[in-house]
Amino acid sequence: MTAVAEPVTAAARPAAPVAVPAPPAGGTVTLSMAQALNRALRDALAEDPSVVVFGEDVGALGGVFRITDGLTADFGEARCFDTPLAESGIVGMAVGMAMNGMRPVVEMQFDAFAYPAFEQIVSHVAKMRNRTRGRVALPMVIRVPYAGGIGGVEHHCDSSEAYYAHTPGLHVLAPSTPADAYALLRAAVASPDPVVFLEPKKLYWSKGEVELPSRAPGIGTAVVRRHGTDATLIAYGPSVPVALQAAETAEREGRSLQVVDLRSIVPFDDETVCAAVRSTGRAVVVTESAGFAGVSAEIVARVTERCFNALAAPVRRVTGLDIPYPPPKLEHFQLPGVDRVLDAVDDLQWEQ
Amino acid sequence: MTAVAEPVTAAARPAAPVAVPAPPAGGTVTLSMAQALNRALRDALAEDPSVVVFGEDVGALGGVFRITDGLTADFGEARCFDTPLAESGIVGMAVGMAMNGMRPVVEMQFDAFAYPAFEQIVSHVAKMRNRTRGRVALPMVIRVPYAGGIGGVEHHCDSSEAYYAHTPGLHVLAPSTPADAYALLRAAVASPDPVVFLEPKKLYWSKGEVELPSRAPGIGTAVVRRHGTDATLIAYGPSVPVALQAAETAEREGRSLQVVDLRSIVPFDDETVCAAVRSTGRAVVVTESAGFAGVSAEIVARVTERCFNALAAPVRRVTGLDIPYPPPKLEHFQLPGVDRVLDAVDDLQWEQ
Amino acid sequence: MSRDPSHLLPSAEPVRLVDARGRAVEGAPYPAPDDAALLRSLGALITARRLNDQAYALVRQGRLAVYPSSHGQEACQVAAAQVLDDGDWLFPTYRDTVAAVGRGVDPVEALSLLKGDWHCGYDPYEHRVAPHATPLATQLPHAVGVAHAATLRGEPTVVMAMCGDGGTSEGDFHEALNFAAVFHAPVVFFVQNNEYAISVPLSRQTAAPSLAHKGVGYGVPGERVDGNDMAALLAVLGAAVARARAGGGPQLVEAHTYRMQAHTNADDATRYRDDAEVAAWAERDPITRLTTHLRDRGVLREEQLAAFTAEAERVAAHLRDGLNRDVEPDPADLFAHVYATPTPQLREQAALVADELSRELGEPGRQLGEPGPAAGRRSPEGAAR
Amino acid sequence: MSRDPSHLLPSAEPVRLVDARGRAVEGAPYPAPDDAALLRSLGALITARRLNDQAYALVRQGRLAVYPSSHGQEACQVAAAQVLDDGDWLFPTYRDTVAAVGRGVDPVEALSLLKGDWHCGYDPYEHRVAPHATPLATQLPHAVGVAHAATLRGEPTVVMAMCGDGGTSEGDFHEALNFAAVFHAPVVFFVQNNEYAISVPLSRQTAAPSLAHKGVGYGVPGERVDGNDMAALLAVLGAAVARARAGGGPQLVEAHTYRMQAHTNADDATRYRDDAEVAAWAERDPITRLTTHLRDRGVLREEQLAAFTAEAERVAAHLRDGLNRDVEPDPADLFAHVYATPTPQLREQAALVADELSRELGEPGRQLGEPGPAAGRRSPEGAAR
Ligand SMILES: Cc1ncc(C[n+]2csc(CCOP(=O)(O)OP(=O)(O)O)c2C)c(N)n1
Ligand SMILES: Cc1ncc(C[n+]2csc(CCOP(=O)(O)OP(=O)(O)O)c2C)c(N)n1
Ligand SMILES: [Mg+2]
Ligand SMILES: [Mg+2]
């Protein structure tokens, strides 16, 4: 049985609660990404009384992915609560609460179910600070279980980052490890600006070491996940493990690939990305979302603008196809895989 | 007094009705873009009884920009009518009507006021044909008075093309001349697929020759608006006149700039664009919308992917800033102007 | 200044024609359907229950990803289909597979979505059943559009637009009811109030006296009905359809029922509700109720019941067979239906995938359709091995 | 099963305390406000009208881009502000400038949006007035959030959330009312039904008996009030605020009034309504009505009226002076407030614009702030001249 209370996933997943009841005082723990997120919310709720968590099914159920597991029980109804089923209302209410001293963290149940809130996000969340000349800040987080790879039916696997990344005024984050999930969610909740926080669904159950308190870099910082000399793979969120796997395969084939994990799509860490690309002279961008006018296009464009003279080949993209997300049985055609990444690497004009 | 019934524009515009009451049987007429659009709707309504036009204030008022001027009077309430004030409802109702044999053409009053319909557009309009394996087509047009340059207050000047262009399943068109406004709107209404039709507000009152019946190329075709040999400017909609002006200035300075007008953002005419860029070896993309993860990024990315070896310099972008659209008094900083375009051209590594 | 709203308000109690013990209610505000109709409904109910249980079992067997069951809500499902004419339309949600089947959709095709072969598995025009809607309440404005198009052409179509109690909170519910009222569209909005939206109980969804009380705010008559009373559902929905067809405009009908199982098989309902609550609703089972009612009145013969059960088994077997058959989905479909004619960009991408596949087919040990990276690599030319 | 809804339904006729001829209505369901309050309101009304007319004139003089006037709706504007305490919040639309001013916002700052210097010209926290909302109904969920945050902290804040008749059709209206009801939030939803949404008359906006009838569908009491009767507005809105403050939850109040002028100066109302309709409403002018009422009852002395008029002139002069003063907007502001700290990308873009400006300042004949291409070109190095 899966942890997903939705007509959605084929994949069998642990139904076990993800809450981490006994937080160690410090040091390093092994957590799934779901647990790391739960822990981040817990720690934020415990530290700052203005933090509130709400959305659909986040209370007693703990969210369809159990990210809010146990929060209502442990912090009370006032701090973590279910709302009526209306995403524009949820985001709009969060705007008002943020205007009035709170730090709301809201959950959209799936990417596609954040679309009803689009007007609130684009016309208010993103613009409030600017339109009030900095007088009204909106410290709020919109959490979105993001992208695919879990065998979900239609409307459950969209990749929506481009919509948010193109909207000035939002920060857009996408962790790829439990440690970053923890660190970035804490940073998002602490941020004075609104953050769209994209949680790769297919990585919820992936495990990793999490240092507590976190010393991971914050918003706006990319990291080199793997060093390499021949070409740089640029990825974020669900594509990072694919890039790392591709780099491993390539190494066996004698090619040294570097992997940059953006972590933060907005703000964008031009410095780290460009330094990495310049060091290899070749690059491939890997994203799960459709390519056309997506974040992958932006990465190609800005890397090319900035590193043109260091490039031995055009920066290539391996992205989702420009089609509606496929049904489960055809999903694997949509997801960037190791082979596609390596094919793209092969195309980087090595003959020159 | 302006033709705009909204708390929006500083610019004084002709309040006169735009309807063209006596359609000549053929030949060429001089029309404003607003008149050309009105004429296209008229001709479509007259030719095809399944065409219906609806939205906010499109009836008696003729739309806040008067694009539907006189349609209710001439074709009756059943063919052109006002709806309650709810954009999701408008688009959703259009979906149903398109499912049931009609060809709805709906008007969103301004870009930002289409956002409430975002879920309907992304999750239904764009996906219906695909999810039903081609059984249910949605021949419908979503008309959007688009972008800025008219001194509008906040929420009245957004450029929203990237949101739609990134969504597979939609066609996205943006005319820059009255002739194209007519031709492309006719093509959009006749299309078996949903079209987001972006009407550059600042060009509504610009005049031009319109051939009737139109022989302009249809959806998916870009055109070279001006030939040149040194560099190619790529633009669409409101940026085309800017690009043409820049090319004129450049000519006086002894530099020959080519101008490509995309007309159709989706589908994208790679052939025409790449041929143009290859012929000059240098290119600048000009769009009014924010640059980050916008259509401009896609153009840079795909041109670079396809023409890398023909490029003497990275393709540059001149775009709107990555900020919420400015208030009227600061609007000119947001709009790509001739000087910015020519500065970007100057940056195209001419020294090599 | 205000039009008199009293006729728009629902009755204080849901309309009931047959009580939980199967006895006819005296002085009910609607005439009872005739016995032939009730018998026919009983057959449909038995098949409906069997379909729900079969689909549930098929999830356990891994043939379906998940199934949002209408177990306990079958009377609503059957009534929604039965009150419509052939030319009418039904707009179902993900939970309304049984209603779609009731209009003639092949259950195997209806479950294609949840099997994962494709999205909508049936031809919506064949039985005038819209694709299952997942984004909540988004189907309701579509229903209004279908109805309004029919009205404009002078066709007598009525549209049955279904949604859940949770769905009534979405903005699209509001906009659809308002549009239907303003355009006087022949739509019956049928809310199955099953007390839960996943884990959220009705009391946290609304503070309204009832969901049917939302009608008056649009000038739409609201009615409430016992959602486990087949007779009452046929009467109330039938009257709403007849009224819409006669030009009376839209209506809002709220059926009080209960989601007997978890939201889907993937859900753990013990986290948010008591078994006792579920047990109490089991007492009100719609099938037991109608069976008792017809049996007590001597209308139902045991052979008839046996025939119903046999028919239900036949349908279940058909479903099993259909879902146990593996269809190899064709990746070419991914590109074929995005637009009427694929864009040049899609043709390029389709060619890339075809190229991957042709390479992959040359590679032993990799199966088309196997999860994981999509395809075989091109031979890594240029790679410094 | 259903909670009794009768207390949630509005009265058949709008509440009226003073009739169109200025006479007190017998047996009105609310006590009349005392004369001091009414006198104070008259002063505010006179200033409100003067502000509307001054702003309208300033558009003709080119000092404002456009002005959506509340001419004719001033009683609603004044009442919305007057019934609130300092700690309360007001959420105005683009048409509610006068209400914002009523809470203390400087009219010059309130009109910054329409002058075009910046978006919101005032500090929303200073007088607890949210920025004018343009995307219709989107401010209503914000109002619920502000109220709920206050409730969580145990603060006695009440929020007055304003919208128009057209705005009630948007999904956000629905979601906000439902959230307010479920969270029992102290919000007064105040709908100014001025009969039009730009060109669309109420009859095409809704088929409901009244907009106040939408309340019952959320479990929110609905009330209707004569929107040109200052006394009735103070009574009804005052009671709603008191009820919300006392923990009674949200309320929906619909005021029946009329948009006496076009939607904005840019609109041509002759396209969609008759002068006779406008003339009929002129008879029901809220200021004339209250003046007559107070004068007839000997409460209003002519010196007082003169003082009110003088005060209105003073405010109008302040507005004129403020709007005639040209402030040079600073382009650095474009980048300063997108985020708390500009991103590296914004710093780059700000530097580019600053560079353009510095070049431009060296160029005679080009003015900062002049429309058209933003700035001077860099010297076109490399250009083959
Ligand atoms: C717009 C949207 N938001 C959220 C969801 C996720 N979701 C799927 S079903 C469901 C609960 C629906 O409850 P209800 O409308 O009562 O229908 P029921 O499942 O009880 O039949 C939710 C929240 C969705 N499908 N669409
Ligand atoms: C979401 C949205 N859609 C459309 C508009 C354009 N628009 C501005 S005002 C208006 C009419 C509003 O009417 P109403 O709510 O009755 O308020 P009034 O102007 O009468 O005060 C419209 C359609 C908008 N501002 N926001
Ligand atoms: Mg339910
Ligand atoms: Mg109005």
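Below, each value reflects all heavy atoms present in this structure, side chains not excepted, and no hydrogens, waters or symmetry copies. Residue numbering restarts at 1 for every chain, and letters A, B, ... go by the order of the sequence lines.
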Heavy-atom cut-off 4.5 Å, strictly under: side chain, backbone, both or neither for [X] against chain B?
X         : value
Ala336(C) : neither
Pro344(C) : side chain
Glu348(C) : side chain
Tyr339(C) : both
Leu346(C) : neither
Val338(C) : both
Phe91(C)  : side chain

Using 30° and 60° as the class boundaries, would you call the ring planes of Phe118(B) and Tyr164(B) parallel, tilted or perpendicular?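 Tilted, since the angle between the ring planes falls between 30° and 60°.
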How are the rings of Phe110(B) and Phe113(B) set to each other: parallel, tilted or perpendicular (split at 30° and 60°)?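 Phe110(B) and Phe113(B): perpendicular rings.
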So for Arg79(B), is it side chain, backbone, both, or neither that comes closer than 4.5 Å to the heavy atoms of chain C?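 The answer is neither part of Arg79(B).
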If only atom types and distance count, is the side chain of [X] paired as donor or acceptor with the main-chain N or O of [Y] below 3.5 Å?
X         : Y         : result
Asp96(C)  : Thr93(C)  : yes
Ser279(B) : Ala276(B) : yes
Arg278(B) : Asn309(B) : no
Arg243(C) : Gly248(C) : yes

Charged N to carboxylate O below 4.0 Å: is that the case for Arg103(C) and Asp88(C)?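 Salt bridge: no.
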Electrostatic pair Asp117(C)-Lys115(C), nearest N-O below 4.0 angstrom: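 Judged by the 4.0 Å cut-off on N to carboxylate O distance, Asp117(C) and Lys115(C) do form a salt bridge.
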Which of residues 127-136 of chain B have a heavy atom under 4.5 Å from any heavy atom of chain C?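 Met128(B), Arg129(B), Asn130(B), Arg131(B), Thr132(B), Arg133(B), Gly134(B), Arg135(B), Val136(B) fall under the 4.5 Å cut-off.
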Pull out the residues in residues 47-55 of chain B that come under 4.5 Å of chain C, heavy atom to heavy atom, sorted by number.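 So far as heavy atoms go, Val52(B) are the residues that approach chain C to under 4.5 Å.
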Looking at Ala340(C), Ala180(C), Cys120(C), which one has more heavy-atom pairs under 4.5 Å with chain B than the rest?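 The candidate making the most pairs under 4.5 Å is Ala340(C).
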Thr151(C), Asp123(C), Leu113(C): which one forms the most heavy-atom pairs within less than 4.5 Å of chain B?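 Option with the top pair count is Asp123(C).
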Run the salt bridge (Lys or Arg N to Asp or Glu O under 4.0 Å) test on Arg128(C) and Asp85(C) for me, step by step, so that the C-alpha distance in whole Å, both residues' side-chain angles and the decisive distance to 0.1 Å come before the verdict. CA-CA 10 Å; Arg128(C) 298 199 166 204; Asp85(C) 283 354; over 6 Å; no
When rounded to the nearest 0.5 angstrom, what distance separates CG in Leu84(C) from CG in Leu90(C)?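 The distance works out to 6.0 Å.
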Got a second to check how far Ile299(B)'s CD1 is from Thr287(B)'s OG1, nearest 0.5 Å?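 Separation between the atoms: 7.0 Å.
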Looking at [options], which makes the most heavy-atom pairs under 4.5 Å with chain C?
options                                    : result
Pro192(B), Pro104(B), Pro267(B), Pro84(B)  : Pro84(B)
Ile90(B), Val91(B), Val266(B), Asp269(B)   : Ile90(B)
Glu271(B), Glu119(B), His171(B), Met102(B) : His171(B)

In residues 183-192 of chain C, which residues are in contact with chain B at a heavy-atom separation under 4.5 Å?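 Near chain B, by residue number: Phe183(C).
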Going by residue number, which parts of residues 153-175 of chain C are within reach of chain B, meaning a heavy-atom gap below 4.5 Å?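 Residues in range: Arg153(C), Asp172(C), Glu175(C).
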Residue pair Arg143(B) / Thr68(B), side-chain heavy-atom distance below 4.5 Å: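 Touching, per the 4.5 Å side-chain cut-off.
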